[in-house]
Participant: 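Before we start, here is the structure in question, set down as structure tokens.
First listed ligand is number 1; within each ligand, the first listed atom is number 1. Small disclaimer: the values here were computed from a predicted structure and weren't measured. The chain is numbered in sequence order, starting from 1. Values reported hereafter were calculated over all heavy atoms of this structure, with side chains retained and with hydrogens, waters and symmetry mates removed.
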Amino acid sequence: MHGLLSTEDLAFKAQCQAYAQEQLAPLAKKLGEINEVPAALRNSLMHSGLYGPLYPKEYGGQGLSAVRICLAREAIAGVFGPADTTLAMQGLGGYPIVLAGTEAQKKKYLPALAAGQRLTTFCLTEPEAGSDVAAMQTTAQPDGDCFVINGRKRFISNGFSADMGVLFARTASADNPKSISAFIVEKTMPGWNVDWRIDLMAAHDIVEFEIHHLRVPKANLLGAVGGGFKLAMQTLDLMRMSVGAAALGMAQVALQESLAYAQKRAQFGRPIAEFQSTAFKLADMAVEIEAARSLVYLAAMKKDQNDPSASYHSSIAKLFATEAAFRCIDQAVQIHGGVGVVKGAVVERLYREIRPLRVYEGTTEIQKVIIANHLHKGAKKRTS
Ligand SMILES: Cc1cc2nc3c(=O)[nH]c(=O)nc-3n(C[C@H](O)[C@H](O)[C@H](O)COP(=O)(O)OP(=O)(O)OC[C@H]3O[C@@H](n4cnc5c(N)ncnc54)[C@H](O)[C@@H]3O)c2cc1C
């Protein structure tokens, strides 16, 4: 229960939690640590209804809701990481089309994404352009009725399994040398070569790939030429807080596991939960989780209300929840002692899975840059 949520949102959360326990947990056990989206997971997510809150009703979704995206990720991330990644990418690769797509593009792509019949991805990062997105080197040159794209993308989640994606490339011209534009690309277009699957510390479908003379019809330009940077940032504004939600879900599972273990594991003749050092660890975890939950829900509500400070709150939620979850999961491993570092233990898996969340969709340091810029702007406004 959480005082910030409506009765309908609480019911949605309960539905997601039931799906996670009844469907995803057994699937996770069966599939193990996977670095692609097998048919069983694809089908399960397709029928889960979890993609609904990512899309407007008129394109087959349940109505875009940041709160519900966060609730869905919170419910599933700690249970089956690869399911959470797939859900997140359906948002990152779909939301730019919701924001900037023409009616024809929306009708062509969104219903299939909302139904989970097609999987998508978000291709922004490059070897030389990580935090510094504007350093992007991939180019898109107009040529007849197409753009010809050449370059390289790195760390693209769902990159192996996705059927399509939104790809960002430089469209420099004399009047706008820094221009970046967005394109809807399909895996069937010749020139998209997934040549390197990256092996992360935790299960993740993630690739680096070369784009070699990829001819994208001009009809697949997403938004205006030069509008790509803003579109990428707007997309991250929505999805960033949901990274916080995923972290929160992982921390919650770590707390449940730790509490159960501490109550049953006895040393020196009594359960370790009775030692104050263990009890205080559990209490610290609970406090961090409740604080993270409040920040995530607040950011999501601000987004749903189109509050101008939503971006600021999204960064705060992402930063705090991912850092807090990392601290919680580290304590969970400590409470489990040797058992906590055995491969296959839930907290061992979470310890590996939580780490990348402090890096992707803007590192902790980049969130601090965004938060500090917001504070400076506010101070300037007050003095002018
Ligand atoms: C698991 C995973 C999944 C990902 N999925 C995707 C995806 O689907 N699509 C996609 O496009 N990208 C994806 N990424 C890429 C991710 O967004 C980048 O890794 C991230 O933005 C950081 O970029 P970088 O790795 O190049 O690090 P760098 O930018 O090189 O940063 C290295 C260090 O320098 C610090 N730093 C950099 N600039 C500053 C600054 N101005 N001030 C203070 N510190 C700074 C960083 O905080 C970091 O600690 C993914 C990454 C991971 C790990």
Participant: Considering non-hydrogen atoms of the protein only, which is the closest contact for atom 51 (C) of ligand 1, and what is the distance?
Facilitator: Y360 CB, 3.6 Å
Participant: Taking 4.0 angstrom as the limit and counting only heavy atoms of M89, give me the atoms of ligand 1 inside it, by number and element.
Facilitator: 8 (O)
Participant: Protein heavy atom under 4.0 angstrom of atom 1 (C) of ligand 1, is there one?
Facilitator: yes
Participant: Examine F183 together with F168 and report whether their ring centres are nearer than 6.0 Å.
Facilitator: no
Participant: Counting non-hydrogen protein atoms only, what is the nearest one to atom 49 (O) of ligand 1? Give residue, atom name and distance.
Facilitator: E365 OE1, 3.6 Å
Participant: Under 4.0 Å from any heavy atom of P356, which atoms of ligand 1 are there?
Facilitator: 1 (C)
Participant: Measuring to protein heavy atoms, does anything land under 4.0 Å from atom 10 (C) of ligand 1?
Facilitator: yes
Participant: Heavy-atom distance to atom 47 (O) of ligand 1: which of T125, T363, V369 wins?
Facilitator: T363
Participant: For atom 30 (O) of ligand 1, is there a protein heavy atom at a distance under 4.0 Å?
Facilitator: no
Participant: Would you check if R170 and T138 make a side-chain contact, meaning some heavy-atom pair closer than 4.5 Å?
Facilitator: no
Participant: Please report which non-hydrogen protein atom sits nearest to atom 17 (O) of ligand 1, along with the residue it belongs to and the distance in Å to one decimal place.
Facilitator: E361 N, 3.6 Å
Participant: Can you see whether D237 engages S314 through a side-chain donor-acceptor pair at a distance of less than 3.5 angstrom?
Facilitator: no
Participant: Run the numbers for me: atoms of ligand 1, each under 4.0 Å from some heavy atom of L200, listed by number.
Facilitator: 1 (C)
Participant: Heavy atoms only, cut-off 4.0 Å: how does I366 contact ligand 1, side chain, backbone, both, or neither?
Facilitator: side chain
Participant: For atom 36 (N) of ligand 1, what is the nearest protein heavy atom, given as residue, atom name and distance?
Facilitator: S131 OG, 4.4 Å
Participant: Hey, mind stepping through S173 and N176 against side chain to side chain donor-acceptor pair (under 3.5 Å) and telling me if it holds?
Facilitator: CA-CA 5 Å; S173 59; N176 188 1; 5.7 Å; no
Participant: Are the aromatic ring centres of W196 and F209 under 6.0 angstrom apart?
Facilitator: no
Participant: With a 4.5 Å cut-off on side-chain heavy atoms, are L319 and I371 touching?
Facilitator: yes
Participant: Find out whether R73 and V243 are in side-chain contact, i.e. whether some heavy atom of one side chain is under 4.5 Å from a heavy atom of the other.
Facilitator: yes
Participant: Which of the numbered atoms in ligand 1 are below 4.0 angstrom from a heavy atom of I156?
Facilitator: 7 (C), 8 (O), 9 (N), 10 (C), 11 (O)
Participant: Report the part of I206 (side chain from C-beta onward, or backbone N, CA, C, O) that has a heavy atom under 4.0 Å from ligand 1; answer both or neither where that applies.
Facilitator: side chain
Participant: Just need the protein heavy atom nearest to atom 26 (O) of ligand 1, so name the residue and atom and give the distance.
Facilitator: G130 CA, 3.2 Å
Participant: What atoms in ligand 1 come closer than 4.0 Å to a heavy atom of S157?
Facilitator: 3 (C), 4 (C), 5 (N), 6 (C), 7 (C), 8 (O)
Participant: Looking at F326, does the NZ or CZ of R358 lie under 6.0 angstrom from its six-membered ring centre and within 45 degrees of the ring axis?
Facilitator: yes
Participant: In terms of ring plane angle, is the pair H374 and Y312 parallel, tilted or perpendicular, where the classes change at 30° and 60°?
Facilitator: parallel
Participant: Using the rule given for side chain to side chain contact (heavy atoms under 4.5 Å, CB included), can you reason through L167 versus K153, listing the C-alpha separation, both sets of side-chain angles and the distance that settles it, and then say yes or no?
Facilitator: CA-CA 9 Å; L167 186 141; K153 292 288 170 184; 4.3 Å; yes
Participant: Can you find a protein heavy atom under 4.0 Å from atom 34 (O) of ligand 1?
Facilitator: no
Participant: Please state which protein non-hydrogen atom is closest to atom 13 (C) of ligand 1 and give its distance, to 0.1 Å?
Facilitator: F155 O, 2.7 Å
Participant: Any side-chain heavy atom of Y59 within less than 4.5 Å of one from L64?
Facilitator: no
Participant: Heavy-atom contacts with V359 under 4.0 Å: which atoms of ligand 1 show up? List them by number with element.
Facilitator: 19 (O), 20 (C)
Participant: Would you kindly specify which portion of N158 sits under 4.0 Å from ligand 1, judged on non-hydrogen atoms: side chain, backbone, both or neither?
Facilitator: neither
Participant: Decide yes or no for L248 and I289: does some side-chain heavy atom of the first lie under 4.5 Å from some side-chain heavy atom of the second?
Facilitator: yes
Participant: With nothing but distance in play, are any N or O atoms of A129 less than 3.5 Å from an N or O of ligand 1?
Facilitator: no
Participant: Ring centroid separation for F155 and Y360, is it under 6.0 angstrom?
Facilitator: no
Participant: Can you tell me if K153 has a non-hydrogen atom under 4.0 Å from ligand 1?
Facilitator: no
